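A short worksheet on the structure shown next.
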There are 2 protein chains.
Amino acid sequence: MEETLTARDRKVLQAIIMDYIQSAEPVGSRTVSKKYKIELSPATIRNVMADLEEMGFLRQPHTSAGRVPTDRAFRFYVDSILEVRRLNKIDQDRIKSGLEHEKMDINEMMKRASSLLSLLSKQTGVVLAPRFGSNVFKHIEFIKLRENKILVIIVSKLGEVQNKLIESDEHMSQDELDKYSRYLNEIMGGLSLVEAKRKIMEEMKKEKVLFDKLMYRALQLSQKALEDEGEGDLYIEGKTNIIQSPEFADVEKMRILLLAFEEKTKLVKLLDKALAVQGIQIFIGVENEFNEMKDCTVVAAPYSRENFTLGTLGVIGPTRMDYSSIIPIVDYTAKILGKILKNMNG
Amino acid sequence: MEETLTARDRKVLQAIIMDYIQSAEPVGSRTVSKKYKIELSPATIRNVMADLEEMGFLRQPHTSAGRVPTDRAFRFYVDSILEVRRLNKIDQDRIKSGLEHEKMDINEMMKRASSLLSLLSKQTGVVLAPRFGSNVFKHIEFIKLRENKILVIIVSKLGEVQNKLIESDEHMSQDELDKYSRYLNEIMGGLSLVEAKRKIMEEMKKEKVLFDKLMYRALQLSQKALEDEGEGDLYIEGKTNIIQSPEFADVEKMRILLLAFEEKTKLVKLLDKALAVQGIQIFIGVENEFNEMKDCTVVAAPYSRENFTLGTLGVIGPTRMDYSSIIPIVDYTAKILGKILKNMNG
DNA sequence: ATTAGCACTCTTATACGTAGAGTGCTAAAG
DNA sequence: CTTTAGCACTCTACGTATAAGAGTGCTAAT
């Protein structure tokens with residue numbers, strides 16, 4: 001049963017997939033033989049289709065309907081049939097000019113990237129912002145808000161700003177806090193935030209620090225500020241695009257999906273997986289391990305400065321999405337975003 | 001034709017509205033006479049209904065269906081029939097305990113409030129955060145990111161953090177920038193941001209400043225940082241609740257509404273209108289001047305510290321929402337949020 | 001190995017008839 | 001004069017029947 005596909009099988013499968021991608025309707029043998037240049041009669045095609053169905057690449061919604069590609073078919077298509085072309089110039093320019101605005105801060109940039117992905121793919125665009133911890137430390141500041149509530153502001157070299165409210169056990173004046181931040185800015189300058197964290201741990205162990213109250217308190221505060229860095233921010237744009245797809249005409253299906261979007265944590269997890277790997281990652285249908293997304297495909301790519309991966313971006317759409325055009329969009333956007341962030345980092 | 005309603009008319013109207021609120025289906029004369037204690041026969045009710053229809057309070061989807069209340073009917077109901085009770089203890093507690101966490105920063109607080117509104121009302125909750133400009137200035141900081149890009153961070157007394165990327169024409173060192181921020185922190189301390197803005201304009205006109213390069217540059221930078229403060233942030237939670245309502249079963253209707261949510265600017269405008277007025281504001285159906293929301297009602301209330309209005313919060317749902325329970329929820333949440341922010345402001 | 005031919009299956013669209021909900025009107029009752 | 005019972009009428013919703021069309025699987029011929 002687990003035979004390999006002949007050249008002919010592949011051709012037929014490809015035709016079915018391509019037709020289904022644009023029609024969203026079961027594809028019949030006549031259509032395949034007529035619309036796609038396969039010099040075979042419908043009858044022969046039917047035989048091939050029966051084989052493909054047995055192998056799990058196609059299924060029939062009901063006895064006398066055409067065939068619909070399964071997740072497995074899309075997986076095979078993406079892996080073995082599809083040849084990804086490079087993105088056309090026009091879209092390249094739109095992405096470039098959309099992101100290369102000088103005066104954009106990093107939040108805007110992420111949002112913009114997500115919008116662009118959505119716009120060009122006509123699906124939903126997502127961008128997972130760099131984990132704050134992966135950035136180069138730039139500046140820390142303590143601001144006393146009231147009694148023992150202290151607002152800590154940490155800025156990365158990219159200009160990301162993270163703020164957090166912490167409590168101190170002891171009373172501290174603003175002057176004192178200013179001293180702390182000056183001291184910390186000095187010892188953490190130029191380090192990545194992860195390194196900075198480690199450095200603080202080390203420093204705290206040193207004997208001389210234990211006797212210097214100022215230093216000790218400063219380190220204590222910064223430790224509080226750096227602990228449990230939240231997960232990276234997720235930007236989602238174009239949620240409504242997905243509603244247009246006929247596969248989500250069912251209100252309940254759509255509600256479940258939108259709920260998943262609203263929750264974000266699951267999406268973050270999914271995109272996190274793409275972080276670890278170089279290059280485009282595609283999760284098709286049930287491969288998504290989240291039931292809510294079993295009718296969706298996620299095309300994701302990490303974007304990185306130099307060799308260090310910063311975050312992930314991608315497109316979410318029905319499994320029936322137009323892979324041949326979406327993959328290059330995701331790929332190119334990731335490259336450009338990486339390049340821009342690299343420049344921003346000096 | 002523009003007669004006033006008799007007591008009986010009102011009773012019937014109320015019955016129809018109440019039934020429609022919970023059934024979402026046209027209400028017939030039999031139902032009114034049976035389910036609601038009106039000692040009249042269906043025939044009489046029908047006469048009354050005919051009158052009410054003529055006056056624009058009811059309409060018939062088709063000849064032989066029951067009646068559906070119009071926007072006007074809901075308006076009348078809200079203004080003249082409904083008596084708002086106070087929120088029950090249980091929900092009061094949920095709101096209080098949901099918002100009174102000591103360690104929450106202001107962003108979390110807004111999000112939480114929005115979630116609570118959504119949860120308790122079973123509709124969509126919105127919170128328009130305080131306009132940044134309306135806050136008391138606490139701290140300003142300039143951080144040089146690269147070449148002539150400077151990140152400005154402004155903190156309000158409530159602990160809101162706003163950051164903005166600006167460009168300087170001339171080269172400035174970080175030391176220089178630190179001097180500027182020290183100077184500015186001094187002259188703007190304790191002012192509201194609006195006042196601070198004005199102050200800066202004044203200062204810049206003073207002659208002595210013109211000759212003190214340091215001061216002048218500092219003022220110039222801060223002016224850039226304070227100009228065109230964005231509109232207040234909008235927090236929307238529970239968008240998917242609205243999908244459940246049968247009136248949005250139509251996919252296209254829903255898409256339009258979700259698009260409006262995604263765009264936010266229109267919603268901000270709407271909520272802004274409620275800013276100006278004291279107390280609960282209700283926009284029913286077409287009163288919303290935004291076509292996208294013509295099937296929705298927005299129940300909004302400003303929340304304020306002392307007598308100064310900070311922002312607005314509310315609930316969005318179908319015009320058929322349960323006003324009697326939602327109004328107290330919005331009202332109470334606004335009060336609690338105002339109180340907490342007042343405390344936070346010292 | 002391929003294909004023409006054909007019977008068969010299932011969906012979809014259309015029409016039709018009926019049940020039920022609800023109305024409006026009229027005439028009788030209070 | 002107000003209320004109500006009664007009844008004919010209207011419109012929707014729903015189920016059934018029917019026909020058209022799409023597509024299949026199988027068989028037999030090429």
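Scope of the values below: all heavy atoms of this structure, side chains included, with no hydrogens, waters or symmetry mates. Numbers restart at 1 for each chain; the letters A, B, ... are given by sequence-line order, proteins then strands. Computed from a predicted model, the values in this text were never measured in an experiment.
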Atom pair distance, as rounded to whole Å: CE in A/Met49 and P in D/dA22: 15 Å
Basic-acidic side-chain contact under 4.0 Å: B/Glu247, B/Arg320: yes
Length of the CG-P vector between B/Leu40 and D/dT2, whole Å: 13 Å
N/O donor-acceptor pair, side chain B/Ser64 with base D/dT10, under 3.5 angstrom: yes
Crowding at CZ, A/Arg94 (>12 non-hydrogen neighbours, <6.0 Å): no
Nearest-neighbour nucleotide for the A/Arg67 side chain, C/dT3, D/dG25, D/dT4 considered: D/dG25
Donor-acceptor pair (no angle test) under 3.5 Å: B/Arg46 side chain, C/dG24 base: yes
Whole angstrom value for the distance that separates P of D/dG23 from CD of A/Glu53: 15 Å
No-H, no-angle donor-acceptor pair, B/Thr63 side chain to D/dC11 base, under 3.5 Å: no
Neighbour count above 12 (heavy atom, 6.0 Å) for B/Arg30 CZ: no
Spacing between B/Leu52 atom CG and C/dG22 atom P, to the nearest angstrom: 17 Å
Length of the line joining B/Ile45:CD1 and D/dA5:P, which is rounded to integer Å: 12 Å
Under-4.0 Å side-chain N/O to phosphate OP1/OP2 contact, B/Arg30 with D/dA5: no
Under-4.0 Å side-chain N/O to phosphate OP1/OP2 contact, A/Thr44 with C/dT2: no
A/Asn47 or A/His62, whichever maps to the more 5' nucleotide of DNA chain C: A/Asn47
For atom CD of A/Glu25 and atom C1' of D/dG21, their distance in whole Å: 14 Å
Separation of atom CD1 in A/Ile16 from atom C1' in D/dG23, rounded to whole Å: 13 Å
Which nucleotide in C/dT2, C/dT23, D/dT4 has an atom nearest any side-chain atom of A/Arg8: C/dT2
Salt bridge (Lys or Arg N to Asp or Glu O under 4.0 Å) between B/Lys266 and B/Glu263, worked out: CA-CA 7 Å; B/Lys266 288 190 177 177; B/Glu263 260 239 28; over 6 Å; no
Sugar-phosphate, base or nothing in reach of A/Ala65, heavy atoms under 4.0 Å: sugar-phosphate
Value in whole Å for how far the P atom of D/dT2 lies from CD1 of B/Ile38: 19 Å
No-hydrogen, no-angle side-chain donor-acceptor test under 3.5 Å, B/Ser115 and B/Ser118: no
